[in-house]
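A note on names: the letters A, B, ... follow the listed sequences, proteins ahead of strands, and every chain is numbered from 1. Nothing here was measured: the structure is a model prediction, and the numbers come from that model. Basis for what follows: all heavy atoms, side chains included, without hydrogens, waters or symmetry-related copies.
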There are 2 protein chains.
Amino acid sequence: MSRAAARANPTRIQREKTEAILAAALDAFSTQGYRGATLDQIAEAAGLSKPNLLYYFASKDEIHRALLDRLLDTWLEPLRALDPEGDPAAEIEGYVVRKLRMSRDFPRESRLFAGEVLAGAPRIADRIGGPLRALMEEKAAVIRGWSEAGLIAPVDPHHLIFSIWAATQHYADFDAQIRGILGTAGGAHFPAAEAHLVHLFRRAIAPARAGAG
Amino acid sequence: MSRAAARANPTRIQREKTEAILAAALDAFSTQGYRGATLDQIAEAAGLSKPNLLYYFASKDEIHRALLDRLLDTWLEPLRALDPEGDPAAEIEGYVVRKLRMSRDFPRESRLFAGEVLAGAPRIADRIGGPLRALMEEKAAVIRGWSEAGLIAPVDPHHLIFSIWAATQHYADFDAQIRGILGTAGGAHFPAAEAHLVHLFRRAIAPARAGAG
DNA sequence: TGGTCTTATGACCAAACGGTCAAAAACGGA
DNA sequence: TCCGTTTTTGACCGTTTGGTCATAAGACCA
């Protein structure tokens, strides 16, 4: 019999405990990294004994993997939603705003992902080179099309997307630094951040006016 | 007698071994985090036995602290160099370029810092709330002055600097992701990144032309 | 109520960890 | 060459870590 967490027909207890474990593990991994988090710590936070935890997940690695699986599904949604048929400026601005809100609403997930990439992406290199890259190419082509049609300024689509990722995720990943500098608590700086980022990227893609270039 | 590494008059051997240890530790900590890196691993990479390593540094924590001390000194240099008397656009663009080049030339340092902040900045919270915050306020005031004088567009100086940090450091911290997507090796994408970032921030701070807003 | 499958636990294990210590080896100035 | 200092090492230690296992307790349905 395989692991309880991976059953086809999970029982109520399996569903509840699996959720509790993943929630506790997300806390642990996102703040302390893979090696820094311990099974004892996760088990205690989830309200289980360690052997009981290992009844639901076969190993530490399997918990981590399960978290990343969930994460990547939802992580790319904002970019997926970028509509090739929509208004270019509105689409890109909308993407920036959606991405920033994910940083605000899912900072632990952002940090989990950041930590994994920071470490060289040992456990998700395949998915970065696969689905993520494919989606990136698809949307980059859309943006390049807008560029070439003169609907937005000439920009390098890949690096534009990198900048959007960087600038938005920064508010989750570097939260400790931002709080230390601004002195704000509980995401009070997000409205200003959103206004700034919309300004930043709106100007970046605004088509050059007549007479320039 | 205090630790060999902290002597006032270090011997040649002390200097050499201390360097070797810090170099090995930078590799280890930047890719695996504080808990992930082990003394055995650092010792081996530095070509020493573990007790020998602990002859130079009293503890794992002391090595980590020494790395952060060095790092923070040089890390803020690009921002410090932002000249209040210079041309605003040139100063900000210069800052972007310098910061990006630090990501290119010191990616391990960038990742060490990122990992520390990601974990909640437990060991550098004081220096973030202190010297870093002070420098930030100083330069933010400069940028605000430029804004109010109409020399650059109205921008939130703090968030502008956050965006510059985020967008430039991204190329070091998320290198694994960028390589996985672009397929480039050895920093071949840096010229394009520099062109893009200069474009991005030049437009962000360009004063509004007559007739707009 | 009985029986079966699921869930939980205490005791335990080997390996890895950060760190200590006494003693040996190497260094370097007189 | 001598001798005090610096440097290096092997052996060792207590703790923590991820993980196992046999067994007990609990849930659920007939």
- Task: Check step by step if salt bridge (Lys or Arg N to Asp or Glu O under 4.0 Å) holds for B/E194 and B/R101.
- Result: CA-CA 9 Å; B/E194 183 172 315; B/R101 289 187 179 161; 3.3 Å; yes

- Task: Could you tell me whether the side chain of B/K50 has a donor or acceptor atom within less than 3.5 Å of a complementary atom in the base of C/dG18?
- Result: yes

- Message: Without decimals, in angstroms, what is the distance between A/L39 CG and D/dT20 P?
- Response: 11 Å

- Query: Taking OP1 and OP2 of D/dT7, is either one under 4.0 Å from a side-chain nitrogen or oxygen of B/Y55?
  - Reply: yes

- Message: Could you check whether A/R144 pairs with A/E138 (Lys NZ or Arg NE/NH1/NH2 to Asp/Glu carboxylate O, under 4.0 Å)?
- Response: no

- Task: Using whole Å, report how far CG of A/N52 lies from P of C/dT9.
- Result: 5 Å

- Note on the structure: Whole-Å distance, A/D40 CG to C/dC17 P, equals 17 Å

- Take atom OH of A/Y56 and atom C1' of C/dT7, then tell me their distance rounded to the nearest Å. 6 Å

- Message: So if I take every side-chain heavy atom of A/S59 and compare against D/dG19, D/dT9, D/dC21, which nucleotide ends up nearest?
- Response: D/dG19

- Note on the structure: Rounded to whole Å, the CZ-C1' distance (A/R35 to C/dA16) equals 8 Å

- Message: Categorize A/A43 for me: base, sugar-phosphate, or nothing, with a 4.0 angstrom heavy-atom threshold over every strand shown.
- Response: nothing

- Query: Between A/E16 (CD) and C/dT7 (P), how many Å, whole number?
  - Reply: 11 Å

- Query: Is the phosphate of C/dT7, meaning OP1 or OP2, less than 4.0 Å from a side-chain N or O of A/Q14?
  - Reply: yes

- Terminal axis angle for the helix from C/dT1-D/dA30 to C/dA30-D/dT1, five pairs an end, nearest 10 degrees: 10°

- Item | d(CD1, A/I63; C1', D/dT17) in whole Å | 14 Å

- Query: Taking the side chain of A/P51 as its heavy atoms from C-beta onward, which of D/dC21, C/dG18, D/dG10 lies nearest to it?
  - Reply: D/dC21

- Between A/H158 and A/E137, does any side-chain donor sit less than 3.5 Å from a side-chain acceptor? yes

- Query: Does B/D61 come within less than 4.0 Å of B/R123, counting only side-chain N to carboxylate O?
  - Reply: yes

- Message: Using a strict threshold of under 4.0 Å (side-chain N to carboxylate O), is an ion pair present between B/R70 and B/E19?
- Response: yes

- If you pin A/L53 and B/D61 to their nearest nucleotides in DNA chain C, which one's is more 5'? A/L53

- Query: Starting at CG of B/L54 and ending at P of C/dC21, how long is that distance when rounded to a whole Å?
  - Reply: 12 Å

- For the pair B/R104 and B/D175, find out whether any cationic side-chain nitrogen is under 4.0 Å from an anionic carboxylate oxygen. no

- Does a side-chain N or O from A/K17 land closer than 4.0 Å to OP1 or OP2 of C/dA8, or not? yes

- Item | B/K50 bridged to B/D40 by N-O distance under 4.0 Å | yes

